[in-house]
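We use all heavy atoms of the structure for the numbers below, so side chains are in, but hydrogens, waters and symmetry mates are not. Order of listing sets the numbers, starting from 1, for every ligand and every atom in it.
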Amino acid sequence: MIIVMKNSATQEYIDHFSNWLTGRYDVQVNPIYGTGTTVLALLGDTHALDQDAILRDPHVERVTKIQEPFKLANRKTHPEDSTVEIAPGITVGGKKIVVMAGPCSVESEEQIIEVAQHVKAQGAAVLRGGAWKPRSSPYSFQGLKAEGLELLHKASLATGLPVVTEITNPAHIEQFIGKCDCFQVGARNMQNFELLKELGKTKIPVLLKRGFANTIEEFLMSAEYLMAGGNSNVILCERGIRTYETYTRNTLDISAVPVLKRISHLPVVVDPSHAAGIYWMVRPLARAAVAAGADGLIIEVHNDPAHALSDGAQSLTYESFEETMPELRQLARAVGRDL
Ligand code: PEP
Ligand code: MN
């Protein structure tokens with residue numbers, strides 16, 4: 001961290017301020033004296049430093065961070081790619097690109113088992129499906145909740161597919177344990193810090209979705225919450241962000257994939273369904289994700305999209321999922337991966 005002092009700071013004040021910094025934080029202060037301006041270069045563990053408190057000092061002109069605020073999620077502290085095992089033999093972050101597929105919402109026992117069988121037959125390795133649905137409107141279908149979770153578990157037992165499902169409330173964690181293999185934290189809850197702190201106390205994998213109005217740094221700071229709590233099984237998911245464009249539901253920030261892979265060691269999954277908002281765009285966006293280096297995809301597939309209780313417009317039909325998978329497999333091979 002660099003602190004630029006104002007010209008008003010006397011030598012006496014700079015000494016006093018430097019002593020205060022070293023006494024309070026585990027840092028070393030190296031002053032650089034220029035003509036009129038003094039710059040303090042802080043070395044050491046600057047993560048705990050309260051930038052706002054420093055900025056309030058009347059003799060401080062500017063504070064510049066030179067280190068990213070995320071530590072555990074940072075590739076600098078963990079140069080190798082990390083992998084997250086969702087179930088025995090199903091690891092996100094390795095050579096194999098993991099496809100998670102299923103309906104937006106669990107609607108009935110028949111539906112979820114049938115969809116699970118279908119996506120499994122096409123090569124999906126994980127079943128997705130929402131039981132608690134955080135909908136934009138209170139009048140929309142809110143999910144089957146506890147019953148939905150039970151049905152997902154049944155579908156998992158029937159097919160052998162592990163389950164990823166959204167958790168919206170820390171009070172539900174106990175209930176989810178044993179019924180899901182990976183918690184999904186949705187875009188709307190990316191900064192639900194109390195939820196993140198509680199999920200951080202478990203070792204169960206978490207698929208953390210990027211909030212639609214959050215920067216990559218904020219996204220990684222949410223991953224940091226999980227990791228700081230002791231859960232390093234974090235999978236990042238880019239699902240599109242809000243931009244001025246209205247033609248798509250969200251804008252898939254494809255550049256987030258190489259950026260995240262570069263600055264973090266955590267595996268990165270792309271959700272082309274929620275980015276697109278419309279079925280015909282899912283396939284090209286999924287291809288883009290594979291080409292950009294994603295470690296996995298989470299795709300909505302429905303038995304009858306026209307009558308889906310949520311996100312029918314963006315859900316793939318069985319037929320379209322069947323056409324999509326071989327195409328993605330071929331592309332994965334072209335970039336040195338399997339799928
Ligand atoms: C979902 O996966 O169905 C969902 C609600 O996703 P997001 O949180 O990305 O909107
Ligand atoms: Mn959905």
Side-chain angles (χ1 to χ4, degrees), residues 86 98-107 111-112 115 119 124 126-138 140-145 148-149 151-152 163-169 172 176 180-192 195-196 199 205-214 216 218-219 222-223 234-243 248-254 256-257 260 268-279 281-282 285-286 289 294 296-317 321:
I86 293 189
V98 173
V99 176
M100 311 173 183
C104 178
S105 299
V106 180
E107 297 174 7
Q111 177 238 17
I112 192 65
V115 178
V119 299
V126 180
L127 174 65
R128 68 142 290 145
W132 273 267
K133 296 300 304 175
R135 306 301 301 282
S136 299
S137 164
S140 302
F141 176 60
Q142 301 287 308
L144 295 181
K145 304 193 167 71
L149 190 61
L151 297 180
L152 275 167
V163 160
V164 56
T165 190
E166 179 159 1
I167 183 154
T168 56
N169 185 340
H172 295 164
F176 272 57
C180 89
D181 304 273
C182 182
F183 293 117
Q184 176 175 322
V185 173
R188 290 156 190 80
N189 274 307
M190 189 204 87
Q191 288 189 313
N192 181 341
L195 176 63
L196 299 176
L199 293 174
V206 178
L207 179 91
L208 177 67
K209 288 192 154 194
R210 178 181 179 182
F212 40 69
N214 288 108
I216 287 175
E218 286 163 345
F219 187 20
S222 288
V234 180
I235 302 165
L236 303 169
C237 178
E238 163 60 40
R239 46 79 73 208
I241 52 174
R242 183 163 289 182
T243 67
T248 47
R249 179 174 177 183
N250 292 283
T251 297
L252 179 64
D253 182 9
I254 197 72
V257 179
L260 289 167
V268 179
V269 161
V270 167
D271 175 346
S273 307
H274 291 85
I278 187 76
Y279 69 96
M281 218 184 286
V282 172
L285 294 185
L297 289 161
I298 180 162
I299 302 176
E300 287 185 341
V301 177
H302 197 277
N303 51 310
D304 180 9
H307 296 101
L309 297 182
S310 60
D311 286 348
Q314 69 196 31
S315 297
L316 296 189
T317 56
F321 188 60

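Distance check: Arg249 CZ to Arg242 CZ gives 9.5 Å after rounding to the nearest 0.5 Å. Rounding to the nearest 0.5 Å gives a distance of 12.5 Å between SG of Cys180 and NE2 of His172.
Nearest N/O/S atom of Asp311 relative to the Mn ion (ligand 2): this is OD2. Sorting the N, O or S atoms of Glu300 by how far they are from the Mn ion (ligand 2) puts OE2 first.
Each of the atoms 3 (O) of ligand 1 lies under 4.0 Å from some heavy atom of Cys104. The contact set between ligand 1 and Glu300, taken as ligand atoms under 4.0 Å from a residue heavy atom, comprises 3 (O). For ligand 1, the atoms sitting less than 4.0 Å from at least one non-hydrogen atom of Arg128 are 1 (C), 2 (O), 3 (O), numbered in the order shown with element in parentheses. The atoms of ligand 1 that sit less than 4.0 Å from any heavy atom of Gly186 are 8 (O). Ligand-side atoms of ligand 1 in range of Gln184: 1 (C), 2 (O), range being under 4.0 angstrom from any heavy atom.
For the pair Val98 and Val269, the minimum side-chain heavy-atom distance is 4.5 Å or more. Counting heavy atoms from C-beta outward, Leu208 and Leu199 have side chains that stay 4.5 Å or more apart.
Closest to atom 9 (O) of ligand 1 among all protein heavy atoms lies Arg239 NE, 2.6 Å. Considering only non-hydrogen protein atoms, atom 8 (O) of ligand 1 sits nearest to Ala187 N, 2.8 Å. His274 NE2, 3.3 Å is the protein heavy atom nearest to atom 4 (C) of ligand 1. In terms of protein heavy atoms, atom 6 (O) of ligand 1 is closest to Lys209 NZ, 2.9 Å.
Of all heavy-atom pairs between Lys209 and Met190, the closest is O-CG, 3.3 Å. Closest approach of Asn189 to Glu166, counting heavy atoms only: ND2-OE2, 4.2 Å.
The angle subtended at the Mn ion (ligand 2) by NE2 of His274 and SG of Cys104 is 170°, given to the nearest 10°.
No donor-acceptor contact under 3.5 angstrom links the side chains of Asp311 and His302, judged on distance only.
Evaluated for a side-chain contact (heavy atoms from CB on, under 4.5 Å) with Arg210, the options Ile241, Leu236, Leu260, Asn250 yield exactly one hit, Ile241.
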